[in-house]
There are 2 protein chains.
Amino acid sequence: MHTYSQKLNSNDIARHAGVSQATVSRVLSGNSNVREETRQRVLAVIEELNYQPNAFAQAMKTRLSGTIGVVVSRITNPIVPEVLLHLADELTAHGKRMVVWNTDTEGEAGVVNAIRQRVIDGLVFTAAGQQSAAMASALQTGIPIACINRHIEGGEFNQFACSNLEGARTMADYLVASGRRRIAIINGPLDRSTLADREAGLRQGLQDAGIGLPDKYYAASDFAHDKFRQLAIEMIEQPSPPDAIACGNDVIAFAVLCGLRAAGVGVPDEVWVTGFDGIEMSGWDVFNLTTMRQPLDAMASATVGALIDNIENSEAEPRMVRFGTELIIRGTTANMPLTQL
Amino acid sequence: MHTYSQKLNSNDIARHAGVSQATVSRVLSGNSNVREETRQRVLAVIEELNYQPNAFAQAMKTRLSGTIGVVVSRITNPIVPEVLLHLADELTAHGKRMVVWNTDTEGEAGVVNAIRQRVIDGLVFTAAGQQSAAMASALQTGIPIACINRHIEGGEFNQFACSNLEGARTMADYLVASGRRRIAIINGPLDRSTLADREAGLRQGLQDAGIGLPDKYYAASDFAHDKFRQLAIEMIEQPSPPDAIACGNDVIAFAVLCGLRAAGVGVPDEVWVTGFDGIEMSGWDVFNLTTMRQPLDAMASATVGALIDNIENSEAEPRMVRFGTELIIRGTTANMPLTQL
DNA sequence: TGAATGTTTGAATACGTATTCATGGTAAGG
DNA sequence: CCTTACCATGAATACGTATTCAAACATTCA
């Protein structure tokens with residue numbers, strides 16, 4: 001069994017500095033009054049001996065681990081690392097570590113265990129379906145949680161998402177205003193609030209424009225590149241195919257573009273395609289995707305901020321914010337300025 | 001300050017079961033002899049009261065946290081989540097949690113801190129440059145480490161990578177055997193051993209074929225999609241452009257394909273393109289990239305296995321394994337079977 | 001049967017820190 | 001000068017578990 005011994009403890013520091021262990025602890029925590037001269041002396045010894053407090057002992061006393069959990073449903077979905085990147089930056093800025101669970105392959109047992117063992121101070125849930133043993137467990141134990149890109153009606157906890165419905169509505173309006181009339185939707189699983197809200201926004205826009213959405217212009221599937229790709233092929237190869245396909249998110253749109261390419265159908269000449277999220281890859285030439293950008297950095301910042309507040313102050317009210325989105329017009333739709341909206 | 005109290009401790013269990021706390025601990029750890037009847041009684045009480053041992057107290061005693069750190073250089077690089085996925089699965093299978101650091105934006109301070117605080121039992125380094133304060137700190141403290149996709153000569157620690165040189169050599173042979181004669185290389189930073197080894201393999205193949213590599217057919221840059229894209233454009237727009245571009249990895253190849261598309265150059269009609277890694281996206285229709293697949297799952301499995309061994313048995317020798325690669329021929333090169341190799 | 005060995009258990013202790021309680025000292029206020 | 005309040009500090013304790021030590025008991029062997 002490999003263990004590497006801790007060389008020093010606060011008693012050693014106390015002895016060297018000629019104070020009591022309690023005083024060393026007070027200097028470290030910075031919460032109590034210590035005479036400036038004493039503080040300097042202790043700090044000097046800490047520095048000299050290169051002392052680090054034992055994190056486990058601290059955690060046991062304070063019941064705080066300095067670690068935040070992040071629950072992710074499909075880590076290889078390209079939007080996930082972008083979210084993790086921003087979360088990691090924010091957490092680091094707050095001096096917290098980030099432990100990650102990927103539930104689509106690992107399952108949720110690890111998360112539930114961590115919650116029950118109290119080894120995390122808070123938990124971030126990223127977009128995923130509603131049914132979640134981990135979420136139920138978190139709510140039951142009362143551990144502070146925050147959801148990013150996932151909305152649950154009536155939930156008494158922090159929730160940060162973009163204006164999915166309004167953004168999708170804007171997207172529909174743009175397509176209609178640009179002359180599209182046979183607009184199709186390809187979407188993912190609707191138990192994800194983001195996707196459901198976006199679909200609602202699109203449908204609303206189509207309905208208000210008097211266009212509507214025939215069944216043959218609608219398709220959905222659970223997450224799998226090949227499935228979306230296949231749906232796109234079937235969609236485009238039917239009689240009187242759509243002249244635009246609005247997708248629930250960028251990753252779905254990527255698969256759709258792949259399907260259309262396989263079917264030999266030109267974009268945007270024969271059909272337009274739009275995504276939603278505005279992830280980095282959407283700007284690559286091979287996609288050049290018109291999409292609706294959500295401010296992931298701001299959302300991550302708010303998520304972490306609220307979580308930290310809940311941890312430091314249990315009275316803090318849960319927050320719920322919707323972030324604005326930005327239409328980015330690229331090559332998968334006609335490249336013309338949007339003056340008529 | 002939010003804290004949620006631990007309801008029960010092992011003393012409560014002991015009292016309810018009519019045994020001592022030591023016996024409860026023995027039942028939990030499973031290392032000592034306990035009479036079967038006693039064990040069942042204790043387990044029943046644990047079950048009944050829904051007791052969970054306090055992880056911090058355990059960690060303080062055993063000096064083991066049940067957490068493994070993973071250091072990543074650019075988490076949004078699509079190969080990284082694939083690595084993390086496999087690592088997470090393996091770690092979960094071993095009952096370990098995974099904490100992730102993304103050093104390109106966070107820096108390494110968090111990792112170094114975690115090492116000094118002993119809050120992780122082991123550390124995985126994924127491909128990155130050689131200079132690393134975290135690696136130095138890890139080696140100094142003696143915490144078990146393992147490197148995946150990163151090789152350091154003479155290092156006394158676990159290292160798992162694929163046969164980068166041989167794989168690249170095979171790739172060069174394939175291009176030459178297929179009739180390519182003006183073969184270019186676009187690569188990333190050479191302080192990454194994977195990229196350096198692959199370049200060496202390619203150069204070796206070209207040299208043995210008597211083709212060589214003129215300066216004008218070589219370009220490199222640090223990691224940034226736009227830079228690789230630009231390099232590809234400049235490469236292809238020069239007089240007597242290459243008839244093939246071999247890239248250091250798939251992500252570079254994606255950028256190259258984007259550049260070629262922007263330049264209006266047909267692939268594979270006017271120029272072939274190859275990658276290396278075989279990440280999932282390389283199979284998407286928009287890339288359809290010929291590449292060299294490395295067995296990430298096996299590599300991750302070996303990485304975690306070795307790390308766990310080092311943690312459980314400090315005498316365990318560091319391991320160093322090279323994994324074989326597999327040429328995957330797709331649409332960015334002529335779609336013909338490779339019989340002549 | 002007696003000695004030797006092995007099994008099962010409890011009491012006590014240690015891990016390293018944060019915090020409470022008590023004490024001596026110092027400043028403020030009349 | 002006396003009281004009151006506050007500041008700085010140390011001794012002692014608690015957090016919850018793993019482990020050592022010793023004792024009680026059971027088993028084996030001659």
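Values reported hereafter were calculated over all heavy atoms of this structure, with side chains retained and with hydrogens, waters and symmetry mates removed. Here is how names work: the chains are called A, B, and so on, in the same order as the sequence lines, proteins then strands, and each is numbered from 1.
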B/Met60 vs B/Glu36, nearer the 5' end of DNA chain C by closest nucleotide: B/Glu36
Would you indicate, yes or no, if [N] has its OP1 or OP2 atom less than 4.0 angstrom from a side-chain nitrogen or oxygen of [X]?
X	N	result
B/Arg63	C/dG16	yes
B/Tyr51	D/dG16	no
A/Asn33	D/dA8	yes

Please report, rounded to the nearest Å, how far the [atom2] atom of [N] is from the [atom1] atom of [X].
X	N	atom1	atom2	answer
B/Arg41	C/dT9	CZ	C1'	11 Å
A/Asn54	D/dG16	CG	P	16 Å
A/Lys61	D/dT17	NZ	C1'	14 Å
B/Ile46	D/dG16	CD1	P	16 Å
B/Arg118	C/dC15	CZ	C1'	15 Å
A/Asn9	C/dA18	CG	C1'	14 Å
B/Arg35	C/dG6	CZ	C1'	15 Å
A/Asn11	C/dA14	CG	C1'	12 Å

Is there a residue in residues 18-27 of chain B whose heavy atoms reach under 4.0 Å of DNA chain D, and which residues are they? B/Gln21, B/Ala22, B/Ser25, B/Arg26
Judged by modelled atom types alone, do [X] and [Y] share a side-chain donor-acceptor pair under 3.5 Å?
X	Y	answer
B/Asp121	B/Ser65	yes
B/Asn113	A/Arg97	no
B/Glu108	B/Thr103	no

A/Ala57 side chain: which of C/dG16, C/dA18, D/dT17 is closest?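 The answer is C/dG16.
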Where do [X] and [Y] come nearest, in terms of heavy atoms and distance?
X	Y	answer
B/Ile115	B/Ser137	CG2-OG, 3.7 Å
B/Val19	B/Thr38	CG1-CG2, 3.8 Å
A/Leu8	A/Leu49	CD1-O, 3.2 Å

Heavy atoms only, 4.0 Å cut-off, all strands: where does B/Ser32 land among base, sugar-phosphate and nothing? nothing
Measure the shortest side-chain to side-chain distance between B/Thr126 and B/Val80 over non-hydrogen atoms and say whether it is less than 4.5 angstrom. no
Using side-chain heavy atoms (C-beta onward) and a distance below 4.5 Å, is B/Phe323 in contact with B/Gln294? no
Axis bend over the full length of the helix from C/dT1-D/dA30 to C/dG30-D/dC1, computed from five pairs that close each end, to 10 degrees: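 Comparing the first five pairs with the last five, the axes sit 30° apart.
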Is it the case that atom CD in B/Glu36 sees more than 12 heavy atoms from other parts of the structure closer than 6.0 Å? yes
